[in-house]
Asker: 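Would you mind keeping the following structure in view while I ask a few things?
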There are 2 protein chains.
Amino acid sequence: MDVLRAIKLLKEEGYKYTDKRKHMLQLFADEKRYLSAREVQEFLKTNFPGLSFDTIYRNLSIFVDLGILEETELDGEKKFRYTCPSGKHHHHLICLKCGKTKEIDACPMEKVTTDLSEFQITGHKFEIYGYCSQCTA
Amino acid sequence: MDVLRAIKLLKEEGYKYTDKRKHMLQLFADEKRYLSAREVQEFLKTNFPGLSFDTIYRNLSIFVDLGILEETELDGEKKFRYTCPSGKHHHHLICLKCGKTKEIDACPMEKVTTDLSEFQITGHKFEIYGYCSQCTA
DNA sequence: ACAATAAATAGTAATAATTACGATTTATAT
DNA sequence: ATATAAATCGTAATTATTACTATTTATTGT
Ligand SMILES: [Mn+2]
Ligand SMILES: [Mn+2]
Ligand SMILES: [Zn+2]
Ligand SMILES: [Zn+2]
């Protein structure tokens with residue numbers, strides 16, 4: 001996923017291409033890590049001082065629906081990052097301080113031997129947490 | 001973990017053994033599934049109509065510290081359940097509606113081949129989500 | 001049993017993230 | 001340029017969680 005493809009997706013699905021959306025997409029492309037709604041506000045407040053959370057959350061939600069962003073929940077807070085360019089399903093090692101990630105290649109679902117048929121499965125989550133080298137120093 | 005051992009732990013660590021704590025521990029022993037603070041309140045409100053969230057959250061937190069309960073976060077809400085009797089570290093398949101769980105034997109951390117040394121690892125989470133047979137009917 | 005003490009609790013307020021809403025502005029197509 | 005529907009702002013509502021103070025209560029030692 002890159003900015004140009006994200007913009008294309010937006011327009012194809014009938015969403016308007018606004019300056020705020022442009023900057024949000026560019027922010028995630030630049031940062032390549034998990035960001036909270038508040039962090040988005042902080043990054044964009046020089047360009048858009050009055051940017052409302054209604055706008056931020058609505059756009060984040062649209063981006064997730066379109067597959068542009070992926071979402072997780074860390075410590076009671078929703079966090080968002082650009083969907084990884086790798087087309088293959090995978091998981092992440094995540095820095096709890098700055099949201100930086102590293103890819104984990106294998107998905108543990110493939111190796112689960114437990115019988116899952118009693119439940120109607122809808123998803124799974126595998127994340128490893130820690131602090132990156134910048135955040136431990 | 002069972003109620004008697006939990007009570008023993010509480011007293012050993014200098015916590016008072018109150019009626020509210022007794023009922024909370026018994027509730028988790030009976031239900032054997034993830035419950036939210038609100039659900040605890042609902043279950044106990046016949047016995048303790050004015051039970052405050054301060055009390056509920058404080059006791060939940062103490063129980064987690066003592067290893068009596070384990071905690072996870074589902075859909076932005078903290079959920080608690082009795083620590084599984086199996087001494088072995090493991091993970092769960094969880095019903096998103098009622099909190100019922102099934103144990104998954106293997107821990108995916110053992111099979112991770114990715115180099116994790118760039119991060120100082122503090123924990124991990126592996127959960128499979130779905131709906132149990134009672135909740136899909 | 002009684003009194004002293006520190007912990008636990010109730011009642012309520014504060015905090016924080018997220019969602020919702022009506023009025024206004026703006027991107028886009030005609 | 002105009003029309004139209006979507007996007008945004010400013011603000012309020014909602015929800016889970018945490019915090020505070022006065023009061024109550026479990027525990028300990030007498
Ligand atoms: Mn990735
Ligand atoms: Mn278990
Ligand atoms: Zn970091
Ligand atoms: Zn269920």
Side-chain angles (χ1 to χ4, degrees), chain A residues 6-27 34-66 68-69 71-81 96 99, chain B residues 6-27 34-66 68-69 71-81 96 99:
Chain A
I7 294 169
K8 189 162 169 291
L9 262 174
L10 256 188
K11 293 187 173 174
E12 277 173 6
E13 296 297 319
Y15 292 102
K16 290 182 177 174
Y17 182 51
T18 68
D19 242 37
K20 275 130 200 174
R21 286 176 179 168
K22 182 169 98 178
H23 277 77
M24 284 179 71
L25 291 172
Q26 190 58 52
L27 170 63
Y34 279 109
L35 300 173
S36 65
R38 179 158 295 278
E39 284 175 292
V40 171
Q41 190 212 35
E42 277 161 15
F43 272 106
L44 298 196
K45 75 176 163 203
T46 43
N47 291 77
F48 308 102
L51 182 59
S52 79
F53 278 105
D54 181 295
T55 299
I56 293 172
Y57 279 110
R58 180 166 24 75
N59 288 339
L60 288 174
S61 171
I62 289 169
F63 295 158
V64 170
D65 288 347
L66 295 179
I68 294 168
L69 297 184
E71 182 182 353
T72 194
E73 201 163 318
L74 265 82
D75 210 34
E77 228 186 4
K78 292 186 179 182
K79 303 267 195 167
F80 303 85
R81 58 161 293 150
L96 294 171
Chain B
I7 294 170
K8 188 162 171 290
L9 262 174
L10 256 187
K11 292 187 173 175
E12 276 173 6
E13 296 297 320
Y15 292 102
K16 290 183 178 173
Y17 181 50
T18 68
D19 242 36
K20 275 128 200 175
R21 285 176 178 165
K22 182 169 97 177
H23 276 78
M24 284 180 70
L25 291 172
Q26 190 58 52
L27 170 63
Y34 279 109
L35 300 172
S36 66
R38 179 158 295 278
E39 285 174 291
V40 171
Q41 190 212 36
E42 278 161 15
F43 271 106
L44 298 196
K45 77 175 160 203
T46 42
N47 291 77
F48 309 102
L51 182 60
S52 79
F53 278 106
D54 181 296
T55 298
I56 293 172
Y57 279 111
R58 181 168 23 76
N59 287 339
L60 289 173
S61 171
I62 289 168
F63 294 158
V64 170
D65 288 347
L66 295 179
I68 294 168
L69 297 184
E71 182 182 351
T72 194
E73 201 164 318
L74 266 82
D75 209 36
E77 226 186 7
K78 292 187 180 180
K79 303 266 194 166
F80 304 83
R81 60 161 292 150
L96 294 171

Asker: Heavy atoms within less than 4.0 Å of DNA chain D: which residues of residues 12-19 of chain A have one? Give them sorted by number.
Answerer: A:Tyr15, A:Lys16, A:Thr18

Asker: Among residues 42-52 of chain A, which contact DNA chain C at a heavy-atom distance under 4.0 Å?
Answerer: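 Contacts with DNA chain C under 4.0 Å: none.
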
Asker: Extract, from 5' to 3' on DNA chain C, the first and final nucleotides lying under 4.0 angstrom from some heavy atom of chain A.
Answerer: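 Contact boundaries, 5' end first: C:dA17 to C:dT28.
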
Asker: May I have the list of side-chain donor-acceptor pairs in residues 10-18 of chain A shorter than 3.5 Å, sequence neighbours left out?
Answerer:
residue	atom	partner	partner atom	Å
A:Glu12	OE2	A:Lys8	NZ	2.8
A:Thr18	OG1	A:Arg21	N	3.2

Asker: Just jot down the salt bridge (charged side-chain N to carboxylate O under 4.0 Å, His left out) partners of A:Lys78, sequence neighbours excluded, or say none.
Answerer: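 Expected list: A:Glu71.
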
Asker: May I ask you to test the A:Leu9-A:Ile68 pair for a side-chain heavy-atom distance under 4.5 Å?
Answerer: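 Yes - at least one pair of side-chain heavy atoms lies under 4.5 Å apart.
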
Asker: For a quick check, with a 4.0 angstrom heavy-atom cut-off, what is the B/S/- contact string for nucleotides 15-23 of chain D, read 5' to 3'?
Answerer: -SSBBB---

Asker: Could you check whether any side-chain heavy atom of A:Leu35 comes within less than 4.5 Å of a side-chain heavy atom of A:Arg81, counting everything from C-beta outward?
Answerer: no

Asker: Are there more than 12 heavy atoms of other residues, nucleotides or ligands under 6.0 Å from atom CG of B:Asn47?
Answerer: yes

Asker: Could you give the distance from CG (B:Leu66) to OG (B:Ser61), rounded to the nearest 0.5 Å?
Answerer: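 So the gap between those two atoms works out to 9.5 Å.
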
Asker: Nearest heavy-atom pair of A:Val40 and A:Leu27: which atoms, and what distance?
Answerer: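 So the minimum-distance heavy-atom pair works out to CA-CD2, 4.0 Å.
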
Asker: Output side-chain donor-acceptor pairs under 3.5 Å for residues 51-58 of chain B, partner residues at least two apart or in another chain, one line each.
Answerer:
residue	atom	partner	partner atom	Å
B:Ser52	OG	B:Thr55	N	3.3
B:Ser52	OG	B:Thr55	OG1	3.2
B:Asp54	OD1	B:Arg58	NE	3.3
B:Asp54	OD1	B:Arg58	NH2	3.0

Asker: Got B:Leu25 and B:Ile7 here, is their nearest side-chain heavy-atom distance under 4.5 Å?
Answerer: yes

Asker: Could you tell me if the side chain of B:Thr72 sits less than 4.5 Å from the side chain of B:Phe80, heavy atoms only?
Answerer: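 No. Closest side-chain heavy atoms not under 4.5 Å.
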
Asker: With sugar-phosphate meaning primed atoms plus P, OP1 and OP2, does A:Arg58 contact a base, only sugar-phosphate, or nothing at under 4.0 Å between heavy atoms?
Answerer: base

Asker: Could you work out, with side-chain hydrogen bond (donor to acceptor under 3.5 Å, both in side chains) as the rule, every residue matching B:Gln26, not counting sequence neighbours?
Answerer: B:Asp30

Asker: With rounding to the nearest 0.5 Å, note down the distance linking CD1 in A:Ile62 to CG in A:Leu69.
Answerer: 11.0 Å

Asker: Not counting sequence neighbours, which residues clear side-chain contact (heavy atoms from CB on, under 4.5 Å) with A:Asp19? List them please.
Answerer: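 So A:Asp19 forms a side-chain contact (heavy atoms from CB on, under 4.5 Å) with A:Lys22, A:His23, A:Phe48.
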
Asker: Salt bridge (charged side-chain N to carboxylate O under 4.0 Å, His left out) with B:Glu77: which residues, sequence neighbours excluded?
Answerer: B:Lys79

Asker: Below 3.5 Å is the cut-off: list the nitrogen or oxygen pairs between protein and nucleotides 28-30 of chain D, distance only.
Answerer:
none

Asker: Over the length of the helix from C:dA1-D:dT30 to C:dT30-D:dA1, how much do the five-pair end axes diverge, rounded to 10 degrees?
Answerer: 30°

Asker: To the nearest 0.5 Å, what is the distance between CG (B:Leu44) and CE (B:Met24)?
Answerer: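 Output value for this atom pair is 7.0 Å.
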
Asker: Side chains of B:Leu74 and A:Glu73: closer than 4.5 Å at any heavy-atom pair?
Answerer: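 Result no, sub-4.5 Å side-chain heavy-atom pair not found.
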
Asker: D:dA26 C1' sits how many Å from B:Ile62 CD1, rounded?
Answerer: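 For the pair B:Ile62 CD1 and D:dA26 C1', the rounded distance is 14 Å.
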
Asker: For A:Ile56 and D:dC9, give me the distance from atom CD1 to atom C1', rounded to whole Å.
Answerer: 12 Å

